[in-house]
Number of protein chains: 2
Amino acid sequence: MNTLSYGLLSLLSKDSRTGYELMHHIQPFWPAKHSQIYPLLAQLEQKGYVEFVHVPQSDKPDKKVYSLTANGLKALQEWIGQPTDAPVTRDEFALKVYCIGLVDKDEAKKMLLERENYYLEKKVSYLESFERVKCLSEKPLEELGMQDPMFGNYVLIRKAVLKVEADLTWCKWMKSKLK
Amino acid sequence: MNTLSYGLLSLLSKDSRTGYELMHHIQPFWPAKHSQIYPLLAQLEQKGYVEFVHVPQSDKPDKKVYSLTANGLKALQEWIGQPTDAPVTRDEFALKVYCIGLVDKDEAKKMLLERENYYLEKKVSYLESFERVKCLSEKPLEELGMQDPMFGNYVLIRKAVLKVEADLTWCKWMKSKLK
DNA sequence: CGGCCCATGTAAATCGTTACATGATTTA
DNA sequence: TAAATCATGTAACGATTTACATGGGCCG
């Protein structure tokens, strides 16, 4: 059982989903391709942590809708209590910035602006997710408690927004350094 | 040539270093174990991008001090101009927070405090690095330009500090949610 | 004396990406 | 008509971690 497997169980604890949907929803916190997810779902099913129903579709390909079993829930709760790994980030841009003095100022500025636009787009998409969560939630977001089904979404989007704002602050600060 | 290889060249563009030192210095931006780095250095040497001198030591094991060659510098500069991959983060804590409602409030609070302490320690160590850079720099940091050798260190530590402050802001905000 | 730091390397296992494979429907 | 979306899966490759291997000096 690796971390991604538990991540899939985490998503399934809220909603039954297909492998395809799980792939999309897990991206922001644990990037993974479908080729990694499908075999793990098969393993999880063999362990009895998830089960699925075939859902034939006429217009689109048939799908398998997975849900968490009682055993899966137990495994998930035990995992939450275990020690948690430190987050890991790999940022090619940071490596380039470290030796940015090797290229000329115009190229450096161009790179920074590109990265800033990347973060701006991210921020927009996070704010859109935020709005979506706001609509789906019964209560106003500020009143959500730990037990509410949208609580996880709410706090993680808040985390993502704070992070991307820090990145944008850094980009703007860097731009002033390259003037 | 993978990203880590270029990362090693990036570090070597500032200083000659051993594989062991490279391993430690690249951690904040591209975590890697020595078992990954030593073979890559051998490859880089075969390609003529780096060269090394044996340095026998009496008290400690002998070492190989690597430096960047002219060809290595050229490869490095070309890489900087190429499109840059988006940063990738994998955060087990985020997955757990998503379904934090599955454990009781006290355990959730304990997890949050642990993570906050982790970030606090990180912040302290970043601020220490900051002081070290300040001492090593000839000019005051605010006056450093792109070409100065400490510029890369300076701006990346600033990036790390902004990030960890955003994380701490989130932790404090989360704590208020669990009251 | 046990464990950490220095310092380099290889081998095995796991994790993750890219490519191969299929195929209907929708959109530009 | 080319590309994207939905939907699942396998195979090959590359990246990363863990474990194996060695050995002196230093600290508590």
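For the numbers below, each heavy atom of this structure counts, side chains included, while hydrogens, waters and symmetry mates do not. Chain letters run A, B, ... following the sequence lines, proteins first and then strands; every chain starts at 1.
Salt bridge absent: A:K163 and B:D91 never bring a charged side-chain N and a carboxylate O closer than 4.0 Å.
OP1 and OP2 of D:dT8 both lie 4.0 Å or more from every side-chain N or O belonging to A:K63. For the OP1/OP2 pair of D:dT16 and a distance below 4.0 Å, the side-chain nitrogens and oxygens of B:Q36 include at least one atom meeting the criterion. Between C:dA7 and B:Q57, a contact under 4.0 Å exists linking OP1 or OP2 to a side-chain N or O. Taking 4.0 angstrom as the limit, B:Y20 places none of its side-chain polar atoms (N or O) nearer than this to OP1 or OP2 of C:dT8. Put simply, B:W30 has a side-chain N or O that comes within less than 4.0 Å of OP1 or OP2 on D:dT16. The side chain of A:K60 contributes no N or O atom lying less than 4.0 Å from OP1 or OP2 of C:dT26. Phosphate contact (OP1/OP2 of D:dT16, side-chain N/O of A:R90, threshold under 4.0 Å): present.
We find that CE of B:M23 is positioned 13 Å from P of C:dG9, with the value rounded to whole Å. The distance between atom CG of A:N2 and atom P of D:dT18, rounded to the nearest whole Å, is 13 Å. Between B:E21 atom CD and C:dC6 atom C1' the separation is 11 Å, expressed in whole Å. When the C1' atom of D:dT18 is taken as reference, atom OH of B:Y38 falls 16 Å away, rounded to whole Å. Here the P atom of nucleotide D:dA19 and the NE2 atom of B:H34 are 12 Å apart, to the nearest Å. Here the C1' atom of nucleotide C:dC15 and the NZ atom of B:K33 are 14 Å apart, to the nearest Å. Between the CD atom of A:E45 and the C1' atom of D:dG9 there is a distance of 15 Å, given to the nearest Å. As rounded to whole Å, 13 Å separates atom P of C:dG9 from atom CG of B:L44.
Here the side chain of B:P39 is nearest to one of D:dA7, C:dT10, C:dT17, namely C:dT10. Closest contact between the side chain of A:H24 and the listed nucleotides D:dT18, D:dT10, D:dC6 involves D:dC6. In the set D:dT17, C:dG16, C:dG9, C:dG16 carries the atom at the smallest distance from any side-chain atom of A:L4. Checked against D:dA11, D:dG9, D:dA19, the side chain of A:K64 finds its nearest nucleotide in D:dG9.
Nucleotides of DNA chain D nearest to A:G19 and B:T3 differ in position, and the one nearer the 5' end is that of A:G19.
Counting heavy atoms from C-beta outward, B:I157 and B:R132 have side chains that stay 4.5 Å or more apart. With contacts defined as side-chain heavy-atom distances shorter than 4.5 Å, the pair B:L76/B:L12 does not qualify.
Residue contacts shown for A:S58 are absent, as no nucleic acid heavy atom lies under 4.0 Å away.
Residue-environment remark: CD (B:Q46) stays at or below the threshold of 12 foreign heavy atoms within 6.0 Å.
Between the base of D:dT16 and the side chain of B:S35 there is no donor-acceptor pair shorter than 3.5 Å. Between the side chain of B:T18 and the base of C:dT8 there is no donor-acceptor pair of N/O atoms closer than 3.5 Å.
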